[in-house]
Amino acid sequence: MNIAMLGSGFIARFYADSLQAQRAKDSLVSVYSRNINNAEKFAEDYKLTFYSDDMDTVVSRNDVDAVVISLPNNLHEAAVAACAKAKKHVLCTKPLGRNAAEAKRMLDMVEEAGIMGGYLEDLCYTPKFLKSMKSIKDGNIGKVLWAKSREAHPGPHSDWFWDHEQSGGGAMVDLGCHCVEIARNYIGKEIRPVEVMCWAATQVHPIKAEDSAIGLVKYANGAIGQFEVSWCFRGGMDLRDEVMGTEGTIWLNNFLRTGFEMFSTGKGGYVAEKAESDSGWLFPVGDEVHELGYTNMFTDMFNAIENKTEPLETFYDGYIVNAILDAAYLSAKTGKWESVQIEGWRGDKTEDYGSHFVSYDDNYYLIKKEILPHGDQKLILKHKVTGEVVARGE
């Protein structure tokens with residue numbers, strides 16, 4: 001696969017470092033940047049044959065099979081339009097849009113052009129996440145009731161993130177997009193998100209957007225997704241998930257404290273993304289691009305293009321994430337539960353998911369079974385007709 005990169009900054013370099021890590025047959029061939037000097041430096045560093053500050057020229061070249069968008073949020077729509085016009089498969093960094101309306105237009109563009117739109121949601125491709133998803137699909141934790149995802153760090157690296165007009169928001173659109181999609185996967189993408197309750201605030205930074213937020217997303221089957229995001233967290237990048245099911249629980253720590261600790265007096269160099277210090281006790285990451293999901297993500301994307309199938313994360317997923325975030329922003333203003341507005345829902349149409357109570361026998365539901373300290377077992381039961389709650393030994 002011959003790839004054109006749109007963008008030459010921080011995330012573009014992360015993507016470039018991971019593109020050939022697993023398939024070993026994909027090649028970056030060209031790069032676009034708004035700054036021609038940055039385009040030239042990127043091309044030199046990655047040994048590319050072509051660079052330009054004209055987007056259409058880079059996208060429309062005959063030697064390009066797919067395009068990776070690693071541009072600021074406000075440029076995504078124009079970049080997708082260029083790819084649709086040139087009929088080139090397009091992979092776009094998160095969030096897909098600054099809002100759901102923007103994301104829906106991009107989704108429509110790729111579908112009308114007959115090209116693949118891959119949503120580059122790397123945290124849905126980390127090794128731990130993929131393993132946890134398999135465990136859930138295998139039934140290890142039963143029905144998922146509650147999925148919580150947290151991302152917090154000292155703030156983004158580029159100036160445009162802090163500009164509300166360019167980014168479309170603050171920590172919610174930057175980090176919440178990860179957390180929302182992680183929870184969607186755990187709960188089930190076929191389950192419709194219904195309502196959102198959100199608190200958001202600008203606690204530390206002199207910006208228009210929020211730098212901290214907490215939200216609850218209610219799903220049609222009764223499950224709850226929870227996101228916690230902040231640009232105010234000190235000490236590095238904290239990526240954690242918790243999933244509670246009827247038969248078990250999953251806890252994930254993807255980045256900050258994963259068993260690799262090192263003490264240094266500060267004579268080394270780069271430690272890990274968003275690390276705030278290079279001295280004292282440090283928490284490096286063994287293979288950063290792999291642990292953050294980039295290698296698995298691009299493998300899935302390019303395999304999907306070759307096999308004419310859908311990747312795990314599509315533009316439709318990006319649109320649903322933006323729709324949920326739109327409701328979150330509205331809720332943060334109104335202080336009320338706000339409905340998620342989705343045009344063209346493609347998931348489960350079921351409205352009644354029924355009861356998942358566990359029967360003990362014909363007359364009773366089982367509330368709890370417990371082994372007491374002296375070894376006896378105790379049952380808490382509820383009568384199916386009268387509602388009486390009783391305790392029994394077994």
Side-chain angles (χ1 to χ4, degrees), residues 1-9 11-16 18-20 23 26-34 39 42 46 48 50-122 124-125 168 177 181 293-322:
M1 198 75 64
N2 287 339
I3 305 148
M5 182 70 71
L6 304 186
S8 59
I11 194 63
R13 289 178 175 271
F14 253 123
Y15 287 167
S18 59
L19 277 168
Q20 295 177 305
R23 283 172 38 111
D26 305 309
S27 300
L28 272 173
V29 295
S30 55
V31 62
Y32 156 81
S33 177
R34 291 166 292 169
F42 190 97
Y46 291 98
L48 309 187
F50 184 81
Y51 64 89
S52 175
D53 59 0
D54 184 279
M55 185 188 298
D56 288 327
T57 298
V58 170
V59 169
S60 61
R61 285 172 58 88
N62 290 332
D63 62 349
V64 170
D65 299 312
V67 178
V68 174
I69 298 174
S70 53
L71 295 165
N73 298 350
N74 61 312
L75 302 178
H76 291 183
E77 187 173 3
V80 170
C83 295
K85 179 181 177 182
K87 304 288 186 180
K88 299 296 174 70
H89 300 295
V90 56
L91 317 179
C92 184
T93 192
K94 63 79 195 173
L96 184 57
R98 290 175 292 180
N99 51 59
E102 223 173 54
K104 183 61 166 59
R105 290 195 295 270
M106 287 184 263
L107 171 62
D108 291 342
M109 285 180 202
V110 298
E111 292 189 338
E112 288 168 8
I115 58 177
M116 192 193 85
Y119 181 48
L120 297 181
E121 178 42 82
D122 58 287
C124 291
Y125 288 93
C177 60
E181 185 62 356
Y294 296 118
T295 48
N296 289 330
M297 177 176 70
F298 283 115
T299 297
D300 177 51
M301 294 288 168
F302 294 132
N303 284 346
I305 292 173
E306 288 184 350
N307 297 328
K308 295 181 172 56
T309 58
E310 282 197 342
L312 295 176
E313 294 292 325
T314 68
F315 270 29
Y316 176 74
D317 294 311
Y319 163 60
I320 299 299
V321 169
N322 273 124

Atom [atom1] in [X], atom [atom2] in [Y]: separation rounded to 0.5 Å?
X: K308; Y: M116; atom1: NZ; atom2: CE; value: 12.0 Å
X: L96; Y: L120; atom1: CG; atom2: CG; value: 10.0 Å
X: S8; Y: L71; atom1: OG; atom2: CG; value: 8.5 Å
X: C83; Y: I69; atom1: SG; atom2: CD1; value: 5.0 Å
X: T314; Y: Y319; atom1: OG1; atom2: OH; value: 12.5 Å
X: E310; Y: I305; atom1: CD; atom2: CD1; value: 12.5 Å

Please name all residues satisfying side chain to side chain contact (heavy atoms under 4.5 Å, CB included) with [X], sequence neighbours left out, ordered by chain then number.
X: R13; answer: K41, F42, D45, Y46
X: D53; answer: I36
X: N307; answer: N303, T309
X: D108; answer: K104, E112

Partner residues of [X] under the side chain to side chain donor-acceptor pair (under 3.5 Å) criterion, sequence neighbours left out:
X: T299; result: Q22
X: S18; result: none
X: E306; result: R23
X: S30; result: none

Provide the full list of side chain to side chain donor-acceptor pair (under 3.5 Å) pairs with a residue in residues 67-78, sequence neighbours left out, each pair given once.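 Those involving residues 67-78 are E77-R105.
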
Using modelled atom types only, decide if a donor and an acceptor are shared between the side chain of N322 and the backbone of A103 within a distance under 3.5 Å. no

Pairs meeting criterion salt bridge (Lys or Arg N to Asp or Glu O under 4.0 Å) with involvement of residues 82-94, two or more places apart: K94-D174

Which pairs count as salt bridge (Lys or Arg N to Asp or Glu O under 4.0 Å) when at least one residue sits in residues 59-68, sequence neighbours excluded?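 Residue pairs passing salt bridge (Lys or Arg N to Asp or Glu O under 4.0 Å), neighbours aside: R61-D63.
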
Taking only residues two or more places apart in sequence, or in another chain, which ones meet D122 in a salt bridge (charged side-chain N to carboxylate O under 4.0 Å, His left out)? none

Would you kindly say whether Y15 and T93 are connected by a side-chain donor-acceptor distance under 3.5 Å?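 Indeed, the side chains of Y15 and T93 share at least one donor-acceptor pair under 3.5 Å.
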
Could you go step by step and tell me if L6 and V59 meet the side-chain contact (heavy atoms from CB on, under 4.5 Å) rule? CA-CA 8 Å; L6 304 186; V59 169; 4.0 Å; yes

For side-chain contact (heavy atoms from CB on, under 4.5 Å), just list the numbers for N99 and E102, CA-CA rounded to whole Å, side-chain angles, deciding distance to a tenth of an Å, and then say yes or no. CA-CA 6 Å; N99 51 59; E102 223 173 54; 3.4 Å; yes

Y125 and its side-chain hydrogen bond (donor to acceptor under 3.5 Å, both in side chains) partner, picked from D300, N296, T295: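 Of D300, N296, T295, side-chain hydrogen bond (donor to acceptor under 3.5 Å, both in side chains) with Y125 is met by D300 alone.
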
